[in-house]
A.B. asks: 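Supplied in structure tokens, the structure appears directly below.
Just so you know, residue 1 is the first one in the sequence shown, and it goes up from there.
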Amino acid sequence: MTRPRPFRAAVTGLGLVTPAGVGVDENWKRVLSAVPTASADPGLAGLPVDFSCRVPPDFDPAAVLGRRTAWRLGRHVQLGMVAAREALRDCGLDSRTWDGARVGVVMGNSLGGTAAFEQQHRILREKGAASVSPLFLPLYGVNMAAGYVAIDCGAQGPNLAVSTACASGSTALGVARDLLRSGTCDVVLAGGAEAAVSPSMMAGLAAAGALSRRSHDPAAASRPFDAGRDGFVAGEGAGVLVLEREADARARGARVRGCISGYGSSADAVHDTAPDPEGVGARNAVRAALADAGLSSADIGHVNAHGTATRLGDVAEARVIRRAIGAAAVVTSTKGVTGHCMGAAGAIEAVFTVLALESGLVPPTANLERADPEVDCDLVQGAPRAVTGGAALNNSFGFGGQNAVLVLTAA
């Protein structure tokens, strides 16, 4: 029996807004140079953890979206819309002339508009119900990034919000690929957007022991796989990719920047926050993604790791990589620069993985000075390294044991 040919979703557009910059080019330069972005955060003053990775302060969403539109949107929606507009410009499609019913949007988000929730709850307590904003739900909703991206470009096909914690962005890309493979859509804008660096969220994550406590040196706090790591640094951002069937993209003469060629999803089913130390569920997701792509572990030259810099998570992931992929693939985590953008992280890192395959360079892991001896992987350290092979993995693992793995291949 002949096996069906693996399905490749062509990536024709990329958009990024992260702590490393606004726009793909600015982000890529910062990530290749491994310059961290974590710094003191006045909005977290007085909390156990008072630093984060924020989008650069000169970013003005109103300058891109218009003041009236930006005013109505939660921060996560603003970031998602700006990234989506860049991705649309990059892909060369004209949203004024496409068949909107054949265009879908799938956006990952984990926590919604937490700052808006905190603000409106404070207003409710201090001023009463009549003072709560009628825009509260649009400002807060997990689904609103997907909804507003569709409104902005006239995408009238399936409109989905995916929430699988820190795997949300990668899950969204896997779902988007399935919409193309099934014939439901011809074009899908997919990715993730998150802006959950707010006092209640940071206090909760700190109480759970998830965050770094390096308040004395925030820039050095996000240090994936380093022996001195002590937790992740929370970030905000968005990454959006435009996906099409490969044959369609090539037929219209699009610049294919890479392909999503495999997707695997699984659950640890072990603990609500801690990873399975043996990584059984994560290995299952890796193997499912490879099988979906019709590839073997020997085909993978590069892994963009989840690598958040937690004590347990980095060691567990290193075991997964070693057992499921082997020692040959080079491994990096771009969270040393961007921090952990939670529900947007997988999509942001998918963009970085496409760029690595496109440029032939794997970024170094920022702040990696002395690798944890339990991390038995070929880590990229100090300077970018040339990519070998035309396929890479992008790992995303979330609280609740939710795992999503993408196989990306060169154009």
A.B. asks: I want to check something: taking the side chain as every heavy atom from C-beta on, are Leu211 and Val233 in contact at a cut-off of under 4.5 Å?
C.D. replies: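 A side-chain contact is absent here, since even the closest heavy-atom pair is not under 4.5 Å.
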A.B. asks: List the steps and the verdict of side chain to side chain contact (heavy atoms under 4.5 Å, CB included) for Val188 and Val103.
C.D. replies: CA-CA 6 Å; Val188 185; Val103 180; over 6 Å; no
A.B. asks: Quick check against the 3.5 Å criterion: does Asp378 have a side-chain atom that pairs as donor or acceptor with the backbone of Ala329?
C.D. replies: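 Judged by distance alone, no pair lies under 3.5 Å.
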A.B. asks: Is the closest side-chain heavy-atom distance between Val162 and Val106 below 4.5 Å?
C.D. replies: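 Val162 vs Val106: side chains touch.
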A.B. asks: Just by distance, do the side chain of Thr332 and the backbone of Pro363 share a donor-acceptor pair under 3.5 Å?
C.D. replies: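 Pair found, side chain donor or acceptor close to backbone of Pro363.
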A.B. asks: Determine whether Phe232 and Lys335 make a side-chain contact, defined as any pair of heavy atoms from C-beta on separated by less than 4.5 Å.
C.D. replies: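 Side chain of Phe232 against side chain of Lys335, heavy atoms only: no contact under 4.5 Å found.
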A.B. asks: Got Tyr263 and Leu173 here, is their nearest side-chain heavy-atom distance under 4.5 Å?
C.D. replies: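 When only atoms from C-beta onward are counted, Leu173 and Tyr263 do not touch, as no gap falls below 4.5 Å.
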A.B. asks: Which residues pass the side-chain contact (heavy atoms from CB on, under 4.5 Å) test with Ala366, not counting sequence neighbours?
C.D. replies: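 Counting only residues at least two positions away or on another chain, Ala366 forms a side-chain contact (heavy atoms from CB on, under 4.5 Å) with Ala34, Pro36, Val337.
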A.B. asks: How close do Ala318 and Val375 get, heavy atom to heavy atom, and via which atoms?
C.D. replies: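 Shortest heavy-atom contact: CB-CG1, 3.8 Å.
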A.B. asks: Could you give the distance from CZ (Phe352) to CD (Glu358), rounded to the nearest 0.5 Å?
C.D. replies: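 It is 13.5 Å, given to the nearest 0.5 Å.
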A.B. asks: Quick check: does any side chain N or O of His76 sit under 3.5 Å from a backbone N or O of Gly141, one acting as donor and the other as acceptor?
C.D. replies: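 Looks like yes, one N/O pair under 3.5 Å.
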A.B. asks: Would you find a donor on one side and an acceptor on the other, under 3.5 Å apart, between the side chain of Asp268 and the backbone of Gly400?
C.D. replies: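 No, the answer is negative, given that no donor and acceptor are paired below the 3.5 Å cut-off.
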A.B. asks: Take Ser261 and Thr409 through the test side-chain hydrogen bond (donor to acceptor under 3.5 Å, both in side chains) and record every step on the way to the result.
C.D. replies: CA-CA 6 Å; Ser261 298; Thr409 52; 2.7 Å; yes
A.B. asks: Can you confirm whether Phe399 sits close enough to Leu205 that some side-chain heavy atom of one is under 4.5 Å from a side-chain heavy atom of the other?
C.D. replies: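 Yes. Closest side-chain heavy atoms under 4.5 Å.
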A.B. asks: Determine whether Leu290 and Val407 make a side-chain contact, defined as any pair of heavy atoms from C-beta on separated by less than 4.5 Å.
C.D. replies: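 Of all side-chain heavy-atom pairs linking Val407 with Leu290, at least one is under 4.5 Å.
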A.B. asks: Kindly indicate, with the supporting measurements, whether the criterion side chain to side chain contact (heavy atoms under 4.5 Å, CB included) is fulfilled by Glu349 and Val351.
C.D. replies: CA-CA 5 Å; Glu349 290 151 19; Val351 173; over 6 Å; no
A.B. asks: Taking side chain as C-beta onward, heavy atoms only, is Asn394 less than 4.5 Å from Ser170?
C.D. replies: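 Yes, close enough: below the 4.5 Å cut-off.
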A.B. asks: Would you find a donor on one side and an acceptor on the other, under 3.5 Å apart, between the side chain of Arg245 and the backbone of Leu180?
C.D. replies: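 A pair under 3.5 Å: yes.
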A.B. asks: Considering non-hydrogen atoms only, spot the tightest contact between Val242 and Ala87 and give its length.
C.D. replies: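 It is CG2-O, 3.6 Å.
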A.B. asks: So does Asp230 pair up with Arg311, basic N to acidic O under 4.0 Å?
C.D. replies: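 Judged by the 4.0 Å cut-off on N to carboxylate O distance, Asp230 and Arg311 do not form a salt bridge.
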A.B. asks: Using 4.0 Å as the upper bound for N to carboxylate O, is an ion pair formed by Arg181 and Asp292?
C.D. replies: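 Yes, this pair counts.
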A.B. asks: Compare all side-chain heavy atoms of Val24 with those of Leu355 and state whether any distance is below 4.5 angstrom.
C.D. replies: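 In contact.
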A.B. asks: Verify salt bridge (charged side-chain N to carboxylate O under 4.0 Å, His left out) between Arg323 and Glu278, making sure each step is shown before the conclusion.
C.D. replies: CA-CA 10 Å; Arg323 293 174 184 176; Glu278 296 303 313; 2.9 Å; yes
A.B. asks: Distance check, rounded to the nearest 0.5 Å: Ser265 atom OG versus Gln402 atom CD?
C.D. replies: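 So the OG of Ser265 and the CD of Gln402 are separated by 8.0 Å.
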A.B. asks: Strictly distance-based, threshold 3.5 Å: is any side-chain N or O of Glu246 a donor or acceptor partner for the main-chain N or O of Arg8?
C.D. replies: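 Here the side-chain-to-backbone pair does not exist.
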A.B. asks: Would you give me the side-chain donor-acceptor pairs under 3.5 Å for residues 191-200, sequence neighbours excluded?
C.D. replies:
{"unit_1": "Glu194", "atom_1": "OE1", "unit_2": "Asn109", "atom_2": "ND2", "d": "3.1"}
{"unit_1": "Glu194", "atom_1": "OE1", "unit_2": "Leu111", "atom_2": "N", "d": "3.2"}
{"unit_1": "Glu194", "atom_1": "OE2", "unit_2": "Ser110", "atom_2": "N", "d": "3.1"}
{"unit_1": "Glu194", "atom_1": "OE2", "unit_2": "Gly343", "atom_2": "N", "d": "2.8"}
{"unit_1": "Ser198", "atom_1": "OG", "unit_2": "Thr114", "atom_2": "OG1", "d": "2.9"}
{"unit_1": "Ser198", "atom_1": "OG", "unit_2": "Glu118", "atom_2": "OE2", "d": "2.8"}
{"unit_1": "Ser200", "atom_1": "OG", "unit_2": "Glu118", "atom_2": "OE2", "d": "2.2"}

A.B. asks: Fit a plane to each ring of Phe117 and Tyr140, take the angle between them on a 0 to 90° scale, and name the class: parallel (under 30°), tilted (30 to 60°) or perpendicular (over 60°).
C.D. replies: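 Taking Tyr140 first and then Phe117, their aromatic rings sit tilted (interplane angle of 30° to 60°).
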A.B. asks: Thinking salt bridges, do Arg255 and Asp90 make one under a 4.0 Å N-O criterion?
C.D. replies: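 Looking at Asp90 together with Arg255, the answer is yes, because their closest N to O distance falls below 4.0 Å.
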A.B. asks: Give the C-alpha distance, both sets of side-chain angles, the deciding distance and a yes or no for side chain to side chain contact (heavy atoms under 4.5 Å, CB included) between Leu139 and Arg72.
C.D. replies: CA-CA 7 Å; Leu139 288 166; Arg72 298 178 62 88; over 6 Å; no
A.B. asks: What are the two closest non-hydrogen atoms of Ala350 and Leu408, and how far apart are they?
C.D. replies: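 Smallest interatomic distance, heavy atoms only, reads O-CD2, 4.2 Å.
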A.B. asks: Around Arg96, counting heavy atoms of other residues, nucleotides and ligands shown, do more than 12 lie under 6.0 Å from its CZ?
C.D. replies: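 For Arg96, atom CZ is not crowded (no more than 12 foreign heavy atoms under 6.0 Å).
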A.B. asks: So which atom in Pro364 and which in Pro384 form the shortest heavy-atom distance, rounded to 0.1 Å?
C.D. replies: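 Reported closest heavy-atom pair: CD-N, 3.7 Å.
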A.B. asks: Report the residues that fulfil side-chain contact (heavy atoms from CB on, under 4.5 Å) with Glu369, sequence neighbours left out, ordered by chain and then residue number.
C.D. replies: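 So Glu369 forms a side-chain contact (heavy atoms from CB on, under 4.5 Å) with Arg223, Asp226.
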A.B. asks: For the atom pair CD1 (Ile260) and CG (Leu241), what is the distance rounded to the nearest 0.5 Å?
C.D. replies: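 Between atom CD1 of Ile260 and atom CG of Leu241 there are 6.0 Å.
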A.B. asks: Considering residues at least two apart in sequence or located in another chain, which fulfil the side-chain contact (heavy atoms from CB on, under 4.5 Å) criterion with Ser266?
C.D. replies: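 Partners of Ser266 by the side-chain contact (heavy atoms from CB on, under 4.5 Å) criterion, ordered by chain and then number, come out as Asn284, Ala285, Asn403.
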A.B. asks: Going by atom type alone, with no hydrogens or angles, which donor-acceptor pairs under 3.5 Å involve a side-chain atom of residues 10-23 and a protein atom two or more places apart or on another chain?
C.D. replies:
{"unit_1": "Thr12", "atom_1": "OG1", "unit_2": "Glu244", "atom_2": "OE2", "d": "2.8"}
{"unit_1": "Thr18", "atom_1": "OG1", "unit_2": "Ala20", "atom_2": "N", "d": "2.8"}
{"unit_1": "Thr18", "atom_1": "OG1", "unit_2": "Asn27", "atom_2": "OD1", "d": "2.4"}

A.B. asks: Give a yes or no on whether the backbone of Gly313 and the side-chain of Thr310 come within a donor-acceptor separation of less than 3.5 Å.
C.D. replies: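 Confirmed, Thr310 side chain pairs with Gly313 backbone.
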A.B. asks: Could you give the distance from CG (Leu312) to CG (Asp276), rounded to the nearest 0.5 Å?
C.D. replies: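 Those atoms lie 11.5 Å apart.
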A.B. asks: Please evaluate residues Phe225 and Asp372 with respect to the criterion side chain to side chain contact (heavy atoms under 4.5 Å, CB included), reporting the C-alpha separation (whole Å), side-chain torsions for both, the decisive distance (0.1 Å), and the verdict.
C.D. replies: CA-CA 6 Å; Phe225 302 117; Asp372 187 326; 5.8 Å; no
A.B. asks: Please check if the side chain of Arg102 supplies one atom and the backbone of Gly183 the other of a donor-acceptor pair under 3.5 Å.
C.D. replies: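 Checking the backbone N and O of Gly183 against the side chain of Arg102, a donor-acceptor pair under 3.5 Å is found.
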A.B. asks: Please name the pair of heavy atoms, one in Arg213 and one in Val49, separated by the smallest distance, quoted to 0.1 Å.
C.D. replies: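 Heavy atoms only, the tightest pair is CD-CG2, 3.5 Å.
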A.B. asks: Which pairs of donor and acceptor atoms, one on a side chain in residues 143-161, lie under 3.5 Å apart (sequence neighbours left out)?
C.D. replies:
{"unit_1": "Asp152", "atom_1": "OD1", "unit_2": "Arg85", "atom_2": "NH2", "d": "2.8"}
{"unit_1": "Asp152", "atom_1": "OD2", "unit_2": "Arg85", "atom_2": "NE", "d": "2.8"}
{"unit_1": "Asn159", "atom_1": "ND2", "unit_2": "Ala146", "atom_2": "O", "d": "2.9"}

A.B. asks: Roughly how far apart are Leu393 CG and Leu406 CG, rounded to 0.5 Å?
C.D. replies: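 Leu393 CG to Leu406 CG: 9.0 Å, rounded to 0.5 Å.
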A.B. asks: Donor-acceptor pair, Gln120 side chain versus Ser133 backbone, under 3.5 Å?
C.D. replies: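 Indeed, once roles are kept as given, a pair shorter than 3.5 Å links the two residues.
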A.B. asks: Determine whether Glu26 and Arg30 satisfy the following criterion, salt bridge (charged side-chain N to carboxylate O under 4.0 Å, His left out), listing intermediate values before the conclusion.
C.D. replies: CA-CA 6 Å; Glu26 187 176 337; Arg30 183 77 177 248; over 6 Å; no
A.B. asks: Please report the shortest heavy-atom distance between Ala221 and Phe51, naming the atom on each side.
C.D. replies: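 The pair with the smallest heavy-atom distance is CB-CE1, 3.5 Å.
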A.B. asks: Can you tell me how far CD1 of Ile325 sits from OG of Ser297, rounded to the nearest 0.5 angstrom?
C.D. replies: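 Separation between the atoms: 5.5 Å.
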A.B. asks: Sub-3.5 Å donor-acceptor pair from the side chain of Arg177 to the main-chain atoms of Phe7, do we have one?
C.D. replies: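 Present.
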